[in-house]
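Report on the structure given below.
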Amino acid sequence: MRMSVYRKDLDIIKGFAILAVVLYHIGIAPSGYLGVDVFFVINGFFIVPKVLTSIAEGSFKFFPFLEKRVIRLLPMMLLATAIVLSVGFYGMLPDDYENLCESVVAANCLSGNILGSITAKNYWDVWNEYKPLMHTWYIGILFQFYLFLPLLLMLLRCVTQKLNIAFEKSAVIVIVTLTAISFVLYLSPSIATGNKFYLLPCRFYELAVGGLAGLYIINKREGVPFKNNIVSFICIIALLAIMLVGTCFAKSKNIDYNLVDGSEIVSAPILPQGVYLIATVTLSYILVSFYNINSMFFSILNKVRIFGVVGIMSYSIYMWHQPILAFYRYYYSTDMNALFILSFIICVLTLSYLTYNVVEKKVLVNMKTRFICLLSLLVINGIAFAIYLNAGVVRDVPELEITKDEAHRNIFAEYNDRIRQFDKNFEICQGKINVLCIGNSFARDWCNILLESNYADKINLSYSSNIQEYDIDRIKLSDFIFYFGYKEDVPLLVKDNVSIDTEVWGIGTKNFGDCNGQIYVKRKSPDYFSQTVRVNPNFFKINDMLRAQWEDKYVDLLQKTMTRDSSVVVFSDDHLLLSQDGRHLTHGGAKFFAKKIDFAKIFDRNKNMH
């Protein structure tokens, strides 16, 4: 038996869920991202019973089913990617545009989640706010679920027929087993957080839980959901509290800082993040199992209609809200004042209303749709892939010393990573200063500064990202050791083996803002090269802390870029961008610091040179 009752209550729940997601990306609801988990449960609720019942009845056809799901998802995706590709062409810097083109191809192939697991890894990274297609990971997981579930059940159908056992009972057992396995994978500490977030095996249980609820209603309740007004009210209020109010935090006694991104660690969740997700899935399971529309709370919302309408348009809203937010942040500002938020909501709702009625409702599975989708897919992905291969360079960018003819991928990463070739013992060079640099990419930036300086021919450089036992000889032979980090975090191997004549210095942190797009978008203005940016004030606090720890053996990079109003410069005197990502140095940035730093005050302190 199939469910025939249209669930208006689920439209309302979807309305709340998409609202939570949008508010999260604006920066208002800290746990609003859990709205996506509500969508997973609801999707499973509809898809699993439909597929299983059709296969049991012998009426299921895999390719028509998959095509219908693709046609449901792809047209909006193609429209969105075509627009973001065009807007990105207007003023994105090469690295950012290259990443966008990569995301366009992945999103249109319905595999944005796989790209996210490989590249972004951390969904909560601040830089994701500037990625217009960051949110397409959700569509990727849905598509892979639509692909995997029918194939699994069709295979199971063949096996049960040969073994002459009940298919539907076997299917439920298999789904329950996979749900348990998926849940264990999600809880497993050995699996990276990024993989838990982006990959289907760790998300399967959310979709399956909704599917099991649907199967129970069909098979045990004869298609009639539970009804309990009190339970419905309690569950929806609890779900809203989790999504909109957010995670509860306990303040920490000691304030710590991330030296790279400046983030402040002053609190920790009272409960682990996973607890809120599990609670969201559980509450969603109860809500889809109950027909809630007759409860007073839902009946009022049903009369108001706005949340139901928003729920119906949720896919369009989901697709449009992130590109608009990302480009606003990239080109203009990260400030979300009341006027912008109001304008943004009106813009998203208007655009979503148009695309829902013109695209979502109008697209049918026919030859015309197939042709348009295939042609659009080839054209958009073809353009995106060509730009990606050219490293996102669509115009000469003299500020980054890039031309269209000489562009190649990973040009900036190559400059920073070239220092890895120095990860070896000191070469025998009489009369040179043995310099060992230890740390992450910021330490490699310091190495590049040294190599661009007038002391480049006077030093014998060695680099290590993580000192090990076999590096003891390097430590003992060093005249100078430069370390990026807090002084108390200098590796014990260094402290235990450093020579009494060796000087250990601290490398300072630095920052040039979160996004150069806000700088580059003004490239035609007369004051373009005189622009400065305000950085996170935490960087100045970090710099003061590091300077106090290292005292007179501290390379203060941030001070070299500061202006009188506590902003930082982003261009060198010869009009080159100091950084392409706000964190790491370009060739021009390394040369800038090489000119600003008095290396004689560092190296001439040591009178016992080789």
Side-chain angles (χ1 to χ4, degrees), residues 83-101 126-127 129-132 262 322-341 343-344 347 387 390-407 411-412 415 510-537 539-540 557-593 595-596:
I83 290 176
V84 300
L85 197 62
S86 302
V87 177
F89 181 89
Y90 163 70
M92 273 189 144
L93 285 161
D95 255 21
D96 304 328
Y97 199 40
E98 176 189 347
N99 292 335
L100 177 62
C101 291
V126 173
W127 183 243
E129 293 180 349
Y130 300 95
K131 294 182 178 180
Q322 176 59 20
I324 295 173
L325 281 174
F327 280 124
Y328 175 79
R329 287 181 170 122
Y330 189 89
Y331 287 134
Y332 300 107
S333 174
T334 55
D335 294 333
M336 299 288 165
N337 56 46
L339 178 60
F340 168 76
I341 293 174
S343 303
F344 164 74
C347 179
I387 297 172
N390 202 47
V393 180
V394 293
R395 62 181 68 84
D396 292 345
V397 187
E399 307 93 315
L400 290 172
E401 302 179 284
I402 290 178
T403 62
K404 288 190 292 183
D405 296 333
E406 298 177 357
I411 184 171
F412 299 111
Y415 184 68
K510 60 188 183 304
N511 190 261
F512 306 94
D514 289 332
C515 176
N516 276 336
Q518 298 170 19
I519 298 293
Y520 187 61
V521 74
K522 300 174 184 177
R523 60 190 179 276
K524 296 182 180 179
S525 64
D527 61 344
Y528 176 50
F529 294 110
S530 61
Q531 291 182 88
T532 61
V533 298
R534 291 191 175 275
V535 299
N536 186 337
F539 283 105
F540 301 119
L557 299 176
L558 190 62
Q559 188 272 336
K560 303 297 182 185
T561 61
M562 287 177 57
T563 62
R564 291 182 178 179
D565 64 350
S566 295
S567 296
V568 299
V569 297
V570 291
F571 287 103
S572 64
D573 296 335
D574 47 355
H575 296 169
L576 297 176
L577 275 167
L578 304 184
S579 174
Q580 53 86 25
D581 63 358
R583 298 178 181 179
H584 302 97
L585 297 179
T586 60
H587 177 238
K591 290 195 299 182
F592 169 85
F593 282 105
K595 293 177 181 177
K596 294 286 184 179

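When a residue number appears, it is its place in the shown sequence, counting from 1.
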Taking S343 for the side chain and L339 for the main chain, is one N or O donor matched with an acceptor at less than 3.5 Å? yes

Restricting to side-chain hydrogen bond (donor to acceptor under 3.5 Å, both in side chains), what partner residues turn up for S579, sequence neighbours left out? D581

For residues 526-535, which residue pairs qualify under salt bridge (Lys or Arg N to Asp or Glu O under 4.0 Å), counting only residues two or more places apart or in two chains? R534-D565

Can you see which heavy atom on P398 is nearest to which on L576, and at what distance? O-CD2, 3.3 Å

Nearest heavy atoms of G582 and N516, plus distance in Å: N-ND2, 4.3 Å

Heavy atoms only: give me the nearest F344-I324 pair and the separation to one decimal. CD1-CG2, 3.7 Å

Can you check whether F592 reaches T561 side chain to side chain, under 4.5 Å on heavy atoms? yes

Those residues at least two apart in sequence (or on a different chain) that pass side-chain hydrogen bond (donor to acceptor under 3.5 Å, both in side chains) with D574 are S572

Going by side-chain hydrogen bond (donor to acceptor under 3.5 Å, both in side chains), name the residues that satisfy it together with E98, two or more places apart in sequence or in a different chain. R409

Listed partners of C515 passing side-chain contact (heavy atoms from CB on, under 4.5 Å), at least two apart: W127, Y130, Y330

Could you pull out all residues at least two apart from N99 that satisfy side-chain contact (heavy atoms from CB on, under 4.5 Å)? E102

Using the salt bridge (Lys or Arg N to Asp or Glu O under 4.0 Å) rule, collect all pairs that involve residues 83-96, keeping only residues at least two apart or in two chains. none

Taking only residues two or more places apart in sequence or in another chain, which ones pass side-chain contact (heavy atoms from CB on, under 4.5 Å) with L400? L93, P94, V397, I402, F412, L577, Q580, T586

Can you list the residues that meet the ring-ring contact (aromatic ring centres under 6.0 Å, His included) rule with F327, with sequence neighbours excluded? Y331

Side chains of Y328 and M336, heavy atoms from C-beta outward: is any pair under 4.5 Å? yes

Below 4.5 Å, heavy atoms only, C-beta onward: do V568 and N511 meet side chain to side chain? no

Tell me the closest heavy-atom pair linking G513 and V533, and the distance in Å. N-CG2, 4.1 Å

Tell me the closest heavy-atom pair linking G588 and L578, and the distance in Å. O-CD2, 4.4 Å

Y520: ring-ring contact (aromatic ring centres under 6.0 Å, His included) partners, not counting sequence neighbours: none

Under the ring-ring contact (aromatic ring centres under 6.0 Å, His included) test, residues paired with Y528 that sit two or more places apart: F571

Going from CG on L585 to NZ on K591, what distance comes out if it is rounded to the nearest 0.5 angstrom? 12.5 Å

Verify, without hydrogens or angle tests, whether N390 (side chain) and G392 (backbone) share a donor-acceptor contact under 3.5 angstrom. no

Can you name the nearest heavy-atom pair linking F512 to V569, along with the distance? CD2-O, 3.6 Å

Separation between CD (Q531) and CZ (F529), nearest 0.5 Å, reads 9.5 Å

Which residue pairs pass the salt bridge (Lys or Arg N to Asp or Glu O under 4.0 Å) test when at least one of the two sits in residues 395-406, sequence neighbours left out? none

Does any non-hydrogen side-chain atom of Y97 lie less than 4.5 Å from one of V393? no

